[in-house]
Amino acid sequence: MSSARPLPVGSFGAGLLLIGTLAAPALAADCNADVAGLSAKRQGFVDKLNVLAKASKGKLDPTASCPVLRSLV
C-alpha cells in the first residue's frame, strides 16, 4: 500500500488569492478602458443616426441609415 500525503491546500489557496488580489485592479482598468472605447464608438454611430433623423424631419431613411445601423451591430 502506498501512503499518499495530502497536498498543503491552504498555502496553495493563499497563493492563488494573493495573485488574484494583485491582478484584479489591472484587469479592471483594462476592462474600463475597453468599455469606454466601445461606448465612444457606439455614441459616434448614434450621433450619425441622429443627424440622419434630423435631416429627414424625425424619420430615418432606410437607405441612408442601413449602413450606420449595420456598423452599430
Side-chain angles (χ1 to χ4, degrees):
M1 291 184 123
S2 67
S3 60
R5 295 186 347 209
L7 292 174
V9 176
S11 62
F12 179 71
L16 285 178
L17 181 63
L18 179 64
I19 290 171
T21 303
L22 295 175
L27 293 175
D30 289 345
C31 183
N32 287 340
D34 289 345
V35 170
L38 289 172
S39 294
K41 188 175 180 181
R42 178 187 174 276
Q43 188 60 46
F45 292 126
V46 170
D47 291 342
K48 287 179 186 177
L49 290 171
N50 286 335
V51 168
L52 290 173
K54 191 179 269 188
S56 59
K57 298 182 182 175
K59 292 185 179 183
L60 285 175
D61 176 30
T63 306
S65 62
C66 189
V68 179
L69 289 169
R70 285 185 182 180
S71 299
L72 184 60
V73 172

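Quick caveat, the model's predicted, so the values are computed rather than measured.
- With side-chain heavy atoms closer than 4.5 Å counting as contact, directly or through intermediates, the hydrophobic cluster containing Leu49 also holds Phe45, Leu52, Leu60, Val68, Leu69, Leu72.
- Evaluation of the side chain to side chain contact (heavy atoms under 4.5 Å, CB included) rule for Val35 yields Cys31, Ser39 as partners, not counting sequence neighbours.
- To the nearest 0.5 Å, atom OG of residue Ser71 and atom NZ of residue Lys41 are 8.5 Å apart.
- Here side-chain hydrogen bond (donor to acceptor under 3.5 Å, both in side chains) pairs that include residues 42-56, with residues two or more places apart or in two chains, are Gln43-Asp47.
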